[in-house]
Protein chains: 2
Amino acid sequence: MTEVKVTVTRTEQHSEPIRVAVSTVILTLRRDDDGEPPRIALPLVRRTRAPHQDSWSLPGGWLRDDENLEDAAARTLHETTGLSPSYLEQLYAFGAVDRSPSRVVSIVYWALLRSDEVDAQSAAHMASGLAPENVQWFEAATLPTLAFDHNQIVDYAQWRLRNKVGYSRVAHGFLPPTFTLADLREAYEAILDRRLDPANFRRQVEASGTLLPTDQFRTGSHRPARLYRYDDAVELADRGPLATEEKRTR
Amino acid sequence: MTEVKVTVTRTEQHSEPIRVAVSTVILTLRRDDDGEPPRIALPLVRRTRAPHQDSWSLPGGWLRDDENLEDAAARTLHETTGLSPSYLEQLYAFGAVDRSPSRVVSIVYWALLRSDEVDAQSAAHMASGLAPENVQWFEAATLPTLAFDHNQIVDYAQWRLRNKVGYSRVAHGFLPPTFTLADLREAYEAILDRRLDPANFRRQVEASGTLLPTDQFRTGSHRPARLYRYDDAVELADRGPLATEEKRTR
DNA sequence: TCAAAAGTGTTGCATCTACACCCATGT
DNA sequence: ACATGGGTGTAGATGCAACACTTTTGA
């Protein structure tokens, strides 16, 4: 702890400090083991203090003055839930004056988590001794009323995901390194909330040139399905000129 | 303006306050009166202090603790350039640690300005007695090196505009209330930086159902062209679930 | 009457959609 | 053998790009 003196110019604009928070909507595919198609789920954190005490809210925390926004999103997400996303992108900055009693600007990120890592990461987090009862998974389609404006933020994150899945390979943020076309199609179906024709889906992704077939097959109760993996030469998602900027400032 | 000295307690998390700034990329269509097609231009502000003193930069300023982000964007834009946008949308939050000597998180907006209002608003701003020599218009395609990471921000704004023009009616943020199809096509051509077939363009916008024909025509040196206006029943741009949120918090 | 932009028609190509059909495996 | 999902083929619909063509004005 050191004390420093700084000179600030006080104008009528700065009566109290504006604090910067970072939150993350992290989505995954959850399978119910009952033959139902997988559905989108996300972890929420129970608030332990006012405002909105005991309400469920997005994982997040305060931005440190020595870390970048994306680093803060990953850090606060990991600290509160133990999760490490496979994809992370900024969603929106929320800064309405009335969204919290004190003035807070929240930089919200959205993230994807591979469905095969949910259990492992959750277990590791529980074993680390942190309070696991304050983190709970919910289905995105049937959320309770959340703290602040977090319901709308989750809706917006899903809207962005639906949009982006049409022109990028984000859906693979849900999947392990190798997967069948049926796995991929189920991810698309959960995101878009409609059934897709398996035959046409196959041709579309093959034509996109982002998939590489492996010589392995998943054997199950029927004809084995070929496993594919993603072509690393293709970008995961197109973020325009910003993609290079993000890398630079990391 | 008064100067005060304040004492801050340094902890590992909060050694100095994180300040929140707001900037705006405001684009318009500029016609050169030489028969050339119009090009995208934007106003920049010369910095009068360090860092990057004398460099050109995006108009902006500090967020007040009693105003919403979008209000701050409109206010700082108007204070620095005298301009009032016809369209305003959040672009991205930039918060890399190293983008400025002190820690600043910049919420950047992008905006459109009707080409017929550029001169009027600029003239009013000059008449108001503010320093006009520190605001200058540049063509977006041939910018000098700007302060901070502002070149990349302008690139990103143009990328967003190019994207959005494909699935929304943002292009009309450039145009007056009534316009010809050639006006609209020129706006699209400037945004996308390629020529469009007039016949196909006409059919596409007519099929989109966003245009209402008026019974007026613009008479010029050739066959008069019908004037159209936008159907107010159609949203200006689709922002997903956020559109309602924005209105609520305004 | 001619140049040029406004506006219409038509054709070909690529893509999407629906659905019939064959293939390969576990039971 | 047969049910089931994996995988291929194909015909119709739709949308878009290219471009020929007609219309209407000012000069």
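Here the side chains of B:Asp149 and B:Phe94 are in contact, with some heavy-atom distance below 4.5 Å. For the pair B:Thr142 and B:Glu139, the minimum side-chain heavy-atom distance is below 4.5 Å. Between A:Leu58 and A:Val45 the shortest side-chain heavy-atom distance does not fall below 4.5 Å.
For B:Trp110 and B:Tyr87, the ring centers are positioned less than 6.0 Å apart.
Following rounding to the nearest Å, A:Leu227 (CG) and D:dG7 (C1') show an atom-to-atom distance of 15 Å. Per the geometry, CG belonging to A:Leu181 stands 22 Å off P belonging to D:dT4, to the nearest Å.
By the salt bridge (Lys or Arg N to Asp or Glu O under 4.0 Å) test, A:Asp183 pairs with A:Arg218, sequence neighbours left out. Residues passing the side chain to side chain contact (heavy atoms under 4.5 Å, CB included) test with A:Arg202 are A:Leu181, A:Glu206, A:Tyr228, sequence neighbours excluded.
The pair B:Arg160-B:Glu89 meets the salt-bridge criterion, with a side-chain N (NZ, NE, NH1 or NH2) lying under 4.0 Å from an Asp/Glu carboxylate O. Between B:Asp215 and B:Arg226 there is no salt bridge, since no side-chain nitrogen of the basic residue lies less than 4.0 Å from a carboxylate oxygen of the acidic one.
Between atom CG of residue A:Leu175 and atom OG1 of residue A:Thr178 there is a gap of 9.5 Å, rounded to the nearest 0.5 Å. Distance CD1/B:Ile107 to CD/B:Gln90: 6.0 Å, rounded to 0.5 Å. We find the CD-CG distance between B:Gln121 and B:Asp119 to be 10.0 Å, quoted to the nearest 0.5 Å.
Residues from residues 189-210 of chain B that place a heavy atom under 4.0 Å from any atom of DNA chain C, listed by number: B:Ala199, B:Arg202, B:Arg203. Against DNA chain D, the stretch residues 216-225 of chain A makes heavy-atom approaches under 4.0 Å through A:His222, A:Arg223, A:Pro224, A:Ala225.
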**Test log, rule side-chain contact (heavy atoms from CB on, under 4.5 Å), inputs B:Tyr109 and B:Leu77** = CA-CA 10 Å; B:Tyr109 280 74; B:Leu77 176 66; over 6 Å; no

**Request:** Decide yes or no on side-chain contact (heavy atoms from CB on, under 4.5 Å) for A:Ile153 and A:His150, but give the supporting numbers first.
**Result:** CA-CA 5 Å; A:Ile153 294 176; A:His150 287 188; 3.9 Å; yes

With the criterion being N/O to N/O and under 3.5 Å, what pairs connect the protein with nucleotides 12-15 of chain D, and how long is each?
none

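When DNA chain C is scanned in the 5' to 3' direction for atoms under 4.0 Å from non-hydrogen atoms of chain A, the outermost contacting nucleotides are C:dT17 to C:dG26.
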